[in-house]
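None of these values were measured; they are calculated from a predicted model. The chains referred to below are lettered A, B, ... by the order of the sequence lines, with proteins before strands, and numbering in each begins at 1.
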Number of protein chains: 2
Amino acid sequence: MQNEFDEIDRQLLAALQDNARLTSGELAEMTGLSQSPCWRRIRRLEEAGLIDGYHARLSRRALGYGVVAFVSISIDLQNEARSIEFAEAVRAIPQVVMFHGVTGTADFLLMVVAKDLDAYSDLLQHSLHRLPGVRQVQTSFSVQEFKGFNELPIP
Amino acid sequence: MQNEFDEIDRQLLAALQDNARLTSGELAEMTGLSQSPCWRRIRRLEEAGLIDGYHARLSRRALGYGVVAFVSISIDLQNEARSIEFAEAVRAIPQVVMFHGVTGTADFLLMVVAKDLDAYSDLLQHSLHRLPGVRQVQTSFSVQEFKGFNELPIP
DNA sequence: CGTGAAAAAAACGCAGG
DNA sequence: CCTGCGTTTTTTTCACG
């Protein structure tokens with residue numbers, strides 16, 4: 001199960017990651033192939049699981065989320081069942097847009113969106129601080145977004 | 001310039017965020033509208049900037065990135081020009097997939113992907129530690145991804 | 001790989017409620 | 001603002017060499 005794709009596949013992946021509305025024809029022109037094999041390659045990339053799906057990217061600001069916070073959480077990890085309970089509780093919070101278990105001083109790192117600081121404060125008090133087993137919560141607000149998480153580099 | 005969208009717009013946004021390949025017809029059926037106004041609404045949402053674009057989501061694992069790291073960086077921020085220089089240098093690193101200036105103990109938070117720990121180690125030594133003005137670099141590896149950053153909640 | 005062609009959908013316009 | 005209808009143009013999808 002090695003990575004087995006060539007330069008053209010790379011071009012296709014990069015182009016589609018940037019704009020999924022490109023047609024097979026446009027992609028064919030970009031890559032120098034003709035339309036049919038180009039379409040077949042895309043099919044292959046989809047079936048191989050390299051392309052996970054096509055999604056509209058929504059604008060955080062246009063949706064009214066003015067606040068992005070990174071939240072480090074430490075818990076009392078007594079047993080695995082409690083950990084799973086914690087993870088499920090966090091995952092169920094819609095404002096938590098990213099959620100990883102991490103090494104280091106904290107146990108989990110969350111990325112959270114909120115309309116404003118008041119909304120974030122509510123979320124903190126009513127959801128995050130009430131999570132089962134939580135010991136410490138530390139918030140870091142984003143003050144400047146230099147790079148969103150929009151794309152992966154093509155190897 | 002308030003958020004001015006109704007329940008149907010919310011449905012459309014949620015559906016397209018989940019799957020951008022849905023046709024106007026399918027979306028019309030889902031929302032109970034007919035095809036024409038449905039299509040018009042989508043156009044409006046695009047023009048209003050709520051929909052930022054359509055993008056293929058690539059699979060990190062299928063691309064061969066086994067490592068995700070969160071990197072906190074503190075710098076000696078002597079003047080603004082130096083800060084901008086730093087930011088540009090970081091932004092130019094393809095493996096840095098997310099990059100925010102943050103409040104708290106560190107100045108910046110990065111999310112980085114790498115093939116494996118060796119690749120991450122190289123990146124750290126050859127890129128991150130060599131950044132202009134960097135004072136401290138702290139890495140937290142992701143050991144479990146409970147939620148990627150795949151979608152925003154619809155308000 | 002390529003050319004070509006049928007079937008589907010997008011991208012609208014328009015009349016009328 | 002919606003519906004329903006129709007039209008033109010693109011795009012998808014696939015048979016075949």
Side-chain angles (χ1 to χ4, degrees), chain A residues 1-65 115 150-152 154-155, chain B residues 1-60 62-64 150-155:
Chain A
M1 190 179 160
Q2 311 289 17
N3 281 345
E4 190 63 51
F5 44 88
D6 61 16
E7 187 52 34
I8 291 179
D9 288 331
R10 265 182 276 274
Q11 287 181 253
L12 292 174
L13 289 170
L16 286 172
Q17 184 170 33
D18 184 62
N19 178 10
R21 283 283 169 103
L22 292 169
T23 67
S24 308
E26 290 168 313
L27 290 164
E29 193 176 0
M30 289 175 49
T31 54
L33 264 61
S34 71
Q35 185 264 358
S36 267
C38 191
W39 178 80
R40 274 193 290 263
R41 272 169 187 265
I42 294 166
R43 254 267 179 283
R44 241 185 10 94
L45 293 171
E46 290 165 356
E47 279 160 9
L50 274 145
I51 294 178
D52 199 55
Y54 301 93
H55 306 269
R57 185 180 302 149
L58 307 188
S59 161
R60 169 176 71 82
R61 295 212 107 95
L63 284 174
Y65 298 114
K115 179 176 182 289
N150 295 330
E151 51 188 58
L152 289 167
I154 315 292
Chain B
M1 190 178 159
Q2 308 290 18
N3 282 345
E4 191 63 51
F5 46 88
D6 61 17
E7 186 53 32
I8 291 179
D9 288 331
R10 263 182 276 273
Q11 287 181 252
L12 292 174
L13 289 171
L16 286 172
Q17 184 172 33
D18 183 60
N19 179 9
R21 283 284 172 100
L22 292 168
T23 67
S24 309
E26 289 168 313
L27 289 164
E29 193 176 0
M30 289 176 48
T31 54
L33 264 61
S34 68
Q35 187 262 358
S36 272
C38 190
W39 178 82
R40 270 193 294 263
R41 273 171 187 263
I42 294 166
R43 217 184 223 302
R44 254 190 349 106
L45 292 171
E46 288 165 357
E47 279 161 7
L50 273 145
I51 295 177
D52 199 56
Y54 301 93
H55 307 270
R57 184 180 304 148
L58 307 188
S59 160
R60 168 177 71 81
L63 284 174
N150 295 330
E151 49 189 61
L152 290 167
I154 315 292

Once side-chain hydrogen bond (donor to acceptor under 3.5 Å, both in side chains) is applied, do any residues pair with [X], and if so which ones, sequence neighbours excluded?
X	result
B:Arg41	B:Asp6, B:Asp9
A:Glu26	A:Thr23
A:Arg43	A:Glu46

*asked:* Does anything in residues 39-49 of chain A come within less than 4.0 Å of DNA chain D? Heavy atoms only, and list the residues if so.
replied: A:Trp39
*Going by heavy atoms closer than 4.0 Å, what residues in residues 11-34 of chain A are next to DNA chain D?*
A:Thr23, A:Ser24
Hey, does [Y] have a side-chain heavy atom less than 4.5 Å from the side chain of [X]?
X	Y	value
A:Leu13	A:Ile51	yes
A:Leu45	B:Leu58	no
A:Phe5	B:Leu63	yes

_Nearest atoms (heavy-atom pairs only) where B:Cys38 meets B:Ala28_ = SG-N, 3.5 Å
*With the side chain of B:Pro37 defined as its heavy atoms from C-beta on, choose the nearest nucleotide among D:dA15, C:dC1, D:dT3.*
D:dT3
_I'd like to know if A:Gln35 reaches the base of D:dT12 with its side chain such that a donor and an acceptor end up less than 3.5 angstrom apart._
no
*Report yes if a donor N or O on one partner sits less than 3.5 Å from an acceptor N or O on the other, where the partners are the side chain of B:Ser36 and the base of D:dC5; otherwise report no.*
yes
*Scan residues 10-21 of chain A for pairs that pass side-chain hydrogen bond (donor to acceptor under 3.5 Å, both in side chains), counting only residues two or more places apart or in two chains.*
A:Glu7-A:Arg10
